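Okay, so here's the structure we're looking at.
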Amino acid sequence: MATKNGSATAAPNSADEIDAVSGEKDLIDMMNDLQTKLVANGYSLDLALPQIVVVGSQSAGKSSVLENIVGRQFLPRGCGVVTRRPTLIQLYPTQGEEYAIFGHKENQKFTDFKEVKAEIAAQMPAKFNFSSIPIQVKIYSPRGKNQNIIYAII
């Protein structure tokens, strides 16, 4: 079930890659498109979709686990609670360069993962505030497999 939480914005274009053997669109690509459209239009991600969800208490190693899955250091770190907003990470395999694209900056390609880290940090609410609206980041990498990861704190 999806729930409306605010004003709508334009949904990003979907990647319409079709599997050459089966002639069908990959299921994870379809789910990524759906999540992208829901987030872009102000809906929550309250859907039963196959994905990795990483939750845990403060300083429990969630960032380290995710960075090992992705193969890059890109998550902000610091003292106290750093992650104050869920982060939807969508991984896409690619043959070319490694880069990230944010849902709120879909026309900007981030090739420096220090800048990815800075952008995620910039999207966090002010200290002692939290948001349920996810940050969406798509990571394209030769190391990646089609996966969805939801990163949150408890």
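Note that the structure is a prediction, hence the values are computed from the model and not measured. In what follows, every heavy atom counts, from backbone to side chain, and hydrogens, waters and symmetry copies are set aside.
- In this structure, the side chains of I101 and V137 stay at 4.5 Å or more apart for every pair of heavy atoms.
- Residue Y92 holds its OH atom at 14.0 Å from OG of S141, rounded to the nearest 0.5 Å.
- Listed by chain and residue number, nothing satisfies the side-chain contact (heavy atoms from CB on, under 4.5 Å) test with Q95 (two or more places apart in sequence, or in another chain).
- Taking CG of L91 as the reference point, atom CZ of R143 lies at 11.5 Å (rounded to 0.5 Å).
- E106 contributes atom CD, which lies 7.5 Å from atom NZ of K138 (distance to the nearest 0.5 angstrom).
- With hydrogens and angles ignored, the 3.5 Å screen pairs no side-chain donor or acceptor of N129 with any backbone N or O of P125.
- Taking CG of L88 as the start and CD1 of I135 as the end, the distance is 10.5 Å to the nearest 0.5 Å.
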Q: Would you please test S64 and Q73 for side chain to side chain contact (heavy atoms under 4.5 Å, CB included) and show each step?
A: CA-CA 8 Å; S64 297; Q73 292 183 350; over 6 Å; no
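- Applying the salt bridge (Lys or Arg N to Asp or Glu O under 4.0 Å) test to E115 and every residue at least two apart in sequence or in another chain returns nothing.
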**Q.** Check against side chain to side chain contact (heavy atoms under 4.5 Å, CB included), R72 and I139
**A.** CA-CA 10 Å; R72 293 294 247 155; I139 298 177; 5.9 Å; no
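- Shown are V81, V82, T83; of these, the side chain to side chain contact (heavy atoms under 4.5 Å, CB included) with M124 is made only by T83.
- Residues forming a side-chain contact (heavy atoms from CB on, under 4.5 Å) with T94 (at least two apart in sequence, or on another chain): Y140, P142.
- Partners of F102 according to the ring pair (Phe, Tyr, Trp, His ring centres under 6.0 Å) rule, which considers only residues two or more places apart in sequence or in another chain, are H104, F110.
- Closest heavy-atom contact between T36 and Q90: OG1-OE1, 3.5 Å.
- Atom CD in Q136 sits 11.0 Å away from atom CD1 in I89 (nearest 0.5 Å).
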(Q) Let's go through T111 and E97 carefully: what are the C-alpha distance in whole Å and the side-chain angles of both, what is the deciding distance for side-chain hydrogen bond (donor to acceptor under 3.5 Å, both in side chains) to 0.1 Å, and is it a yes or a no? (A) CA-CA 8 Å; T111 56; E97 71 178 322; 5.2 Å; no
(Q) Please determine whether side chain to side chain contact (heavy atoms under 4.5 Å, CB included) holds for the pair R84 and F128, giving the CA-CA distance in whole Å, both sets of side-chain angles, and the decisive distance to 0.1 Å. (A) CA-CA 8 Å; R84 295 180 305 279; F128 304 117; over 6 Å; no
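- Listed by chain and number, the residues in a salt bridge (Lys or Arg N to Asp or Glu O under 4.0 Å) with E119 are K105 (sequence neighbours excluded).
- No side-chain heavy atom of P134 sits less than 4.5 Å from a side-chain heavy atom of R85.
- With sequence neighbours excluded, no residue satisfies side-chain contact (heavy atoms from CB on, under 4.5 Å) with N107.
- By the criterion of side-chain heavy atoms lying less than 4.5 angstrom apart, applied directly or through intervening Ile, Leu, Val, Met, Phe, Trp or Tyr residues, V53 is grouped together with V39 in one hydrophobic cluster.
- In this structure, K117 is not positioned above the aromatic face of F74 in the sense of NZ or CZ being under 6.0 Å from the six-membered ring centre and within 45° of the axis.
- Across P86 and S132, no two heavy atoms sit closer than the pair CG-O, 3.5 Å.
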